[in-house]
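Each ligand, and each atom within it, is numbered from 1 in the order the structure gives. Along the sequence shown, the residues carry numbers beginning at 1.
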Amino acid sequence: MSNSGKLIIFAAPSGAGKSSLIKKIIKDSENNLELSVSATTRLPREGETHGEDYFFINEKEFNELKSNQAFLEFADVHGHQYGTIKSFVDEKLKDGINVILDIDVQGFTQIQKAIIKDIISIFIIPPSLDELKKRLVLRGLDSNDAIDKRLENARKELEQAENFDYLVLNDDFNMAYNQITSIIFDKDYEYNVTNNKNILEDLLN
Ligand code: 5GP
C-alpha cells in the first residue's frame, strides 16, 4: 500500500473510553486526522448513522467484501463481524491524511503484517476490570449478556496490549487525552513505557 499519511491504530477493551478519546482528538485536531469508517454486521445503536459511525451491512454483503479482498483487516468481535475497508484508508493515506483506526487486537495483529510504513499503535488501559464493568453498565448500550461477553474479551485483549507501541492509562480523561496528543503530534515526546507496563501487570494479576 503506497502512503504518505500515518496510520494510527487504537485498541482497548470495550468501556475503556477509547471512542470518547478518539472523538475529542479528531474534533480538536487542526491537523489532517480522520477516523476510518468500518463495515460491520452489528445492528446500529440509537443515534448511529450509516456511513458515519459504520457502514452497517448484512452477513452476505460482508462475506462478499471478504471474498473480494476489500478489507485491510477483519475480525469477529463480540459475535459480530467488523472490517476496515482497504480503499477507504488507502485513498486518505495517499492524500496525506492521517487515519485513525478504532479496531480490536485481532485486527491490529493483521495490520502489523500488512505493508504500511508509518503506523503508530496505541492501547488504552482501563484503571481496573471492576471499573470497566461499571462503565459498561452505566453507559447502558448493551444487554447483560453482551456486557458479559465484552468483559470476557477484555482480559484477552489486555494480554495482547504489550504488542502495541504505546500503553495509555485512561483513569483521568484529560491526562489520557494529553498523553495521546503528545504521542501523535509531538515529535520529541518522551514516553515512559515501564510505568504503564506495571499498571497493566497489576490489572492482570
Ligand atoms: P462497537 O460494537 O462497540 O462499536 O465496537 C466493538 C469493538 O469492535 C471495538 O473494540 C471496536 O474497536 C472494534 N471494531 C470496530 N471496527 C472494527 C474493525 O473494522 N475491525 C476490527 N478488527 N475491529 C473493529
Side-chain angles (χ1 to χ4, degrees), residues 1 7-23 25-26 34-59 61-66 68-93 99-114 116 119-126 129 132-133 135-161 163-164 167-168 170 176 180:
M1 188 185 273
L7 197 59
I8 303 155
I9 301 180
F10 279 87
S14 194
K18 175 178 59 168
S19 307
S20 315
L21 283 164
I22 291 176
K23 267 194 197 129
I25 286 157
I26 291 180
E34 285 186 29
L35 182 65
S36 160
V37 180
S38 294
T40 184
T41 58
R42 165 168 83 61
L43 291 176
R45 297 189 184 117
E46 213 180 301
E48 285 185 328
T49 310
H50 179 81
E52 271 179 35
D53 297 285
Y54 284 104
F55 294 103
F56 295 99
I57 59 177
N58 60 34
E59 290 280 341
E61 290 165 323
F62 197 97
N63 290 335
E64 269 167 22
L65 289 174
K66 253 199 297 200
N68 293 337
Q69 323 267 319
F71 291 123
L72 186 56
E73 61 72 38
F74 58 86
D76 187 312
V77 191
H78 317 307
H80 301 287
Q81 306 223 59
Y82 294 82
T84 302
I85 299 162
K86 209 190 280 175
S87 57
F88 187 102
V89 172
D90 201 13
E91 271 168 36
K92 297 205 185 291
L93 291 179
V99 179
I100 290 189
L101 299 190
D102 172 348
I103 59 175
D104 84 321
V105 290
Q106 306 171 73
F108 166 64
T109 310
Q110 292 171 43
I111 290 188
Q112 274 185 307
K113 293 177 191 150
I116 302 173
I119 302 184
I120 301 177
S121 58
I122 302 173
F123 190 95
I124 314 288
I125 318 174
L129 291 171
L132 204 61
K133 182 166 187 181
R135 289 182 191 176
L136 286 174
V137 172
L138 269 178
R139 75 177 186 179
L141 292 176
D142 301 290
S143 65
N144 287 344
D145 277 359
I147 289 178
D148 286 346
K149 205 176 259 182
R150 279 166 192 258
L151 285 169
E152 245 176 70
N153 282 347
R155 227 191 142 75
K156 289 185 205 145
E157 302 225 292
L158 286 162
E159 281 163 5
Q160 304 285 324
N163 300 328
F164 285 70
L167 304 173
V168 173
N170 185 16
I180 292 168

- request: Report the distance from atom CD1 of Ile120 to atom CD1 of Ile100, rounding to the nearest 0.5 Å.
  value: 9.5 Å

task: Answer side chain, backbone, both or neither: which part of Arg150 comes under 4.0 Å from ligand 1, heavy atoms only.
output: side chain

task: Mark the output for Gly83 as yes if a heavy-atom distance to ligand 1 is under 4.0 Å, and as no if none is.
output: yes

field: Test item, Glu157 contacting ligand 1 (heavy atom, 4.0 angstrom)
entry: no

- request: Return the residue, atom name and 0.1 Å-rounded distance of the protein heavy atom closest to atom 7 (C) of ligand 1.
  value: Val77 CG1, 3.7 Å

query: Would you say Arg45 touches ligand 1, if touching means a heavy atom closer than 4.0 Å?
result: yes

message: Show the nearest heavy-atom pair for residues Leu72 and Val89, with the distance to one decimal.
response: CD2-CG1, 4.3 Å

field: Nearest atoms (heavy-atom pairs only) where Phe123 meets Val105
entry: CE1-CG1, 3.8 Å

- prompt: Which heavy atom of the protein is the closest neighbour of atom 19 (O) of ligand 1, given with residue, atom name and distance?
  reply: Ser38 OG, 2.6 Å

Qualifying residue, where the test is side-chain contact (heavy atoms from CB on, under 4.5 Å) with Asp104 and the options are His78, Gln160, Glu157, Lys156: Glu157

- request: Starting from atom 17 (C) of ligand 1, locate the nearest protein heavy atom and write down its residue, its atom name and how far away it is, to 0.1 Å.
  value: Tyr82 CB, 3.4 Å

query: So which heavy atom in the protein is nearest atom 20 (N) of ligand 1, and how far is it from that ligand atom?
result: Glu73 OE2, 2.7 Å

- prompt: Heavy-atom distance under 4.5 Å between the side chains of Ile25 and Ile22, does that happen here?
  reply: no

message: Yes or no: does Lys18 have any heavy atom under 4.0 Å from an atom of ligand 1?
response: yes

message: Among Asp102, Ile111, Ile9, which one puts a heavy atom closest to atom 14 (N) of ligand 1?
response: Asp102

- prompt: Where's the contact between Asp104 and ligand 1, heavy-atom distance under 4.0 Å: side chain, backbone, both or neither?
  reply: both

- prompt: Atom OG of Ser19 and atom CZ of Arg139: how far apart are they, to the nearest 0.5 Å?
  reply: 7.0 Å

- prompt: Taking the side chain as C-beta and beyond, is there a heavy-atom pair between Tyr82 and Ile103 under 4.5 Å?
  reply: no

statement: Taking only non-hydrogen atoms of Ala75 and a 4.0 Å limit, the atoms of ligand 1 in range are 22 (N)

task: Taking all heavy atoms of Phe88 and all of Leu35, pick out the closest pair and write down the distance.
output: CE2-O, 3.9 Å

field: For atom 15 (C) of ligand 1, the option (of Phe10, Phe74, Tyr54) bearing the nearest heavy atom
entry: Tyr54

Contact atoms of ligand 1, heavy-atom distance to Gly107 under 4.0 Å: 22 (N)

- prompt: Which ligand 1 atoms does Thr84 reach within 4.0 Å, using its non-hydrogen atoms?
  reply: 19 (O)

message: Give me the atom names and distance for the closest heavy-atom approach of Asn170 to Ala16.
response: ND2-O, 2.8 Å

message: Below 4.0 Å from ligand 1: does a non-hydrogen atom of Arg42 turn up there or not?
response: yes

task: For the pair Phe56 and His50, name the ring-plane relationship: parallel under 30°, tilted 30 to 60°, perpendicular over 60°.
output: tilted

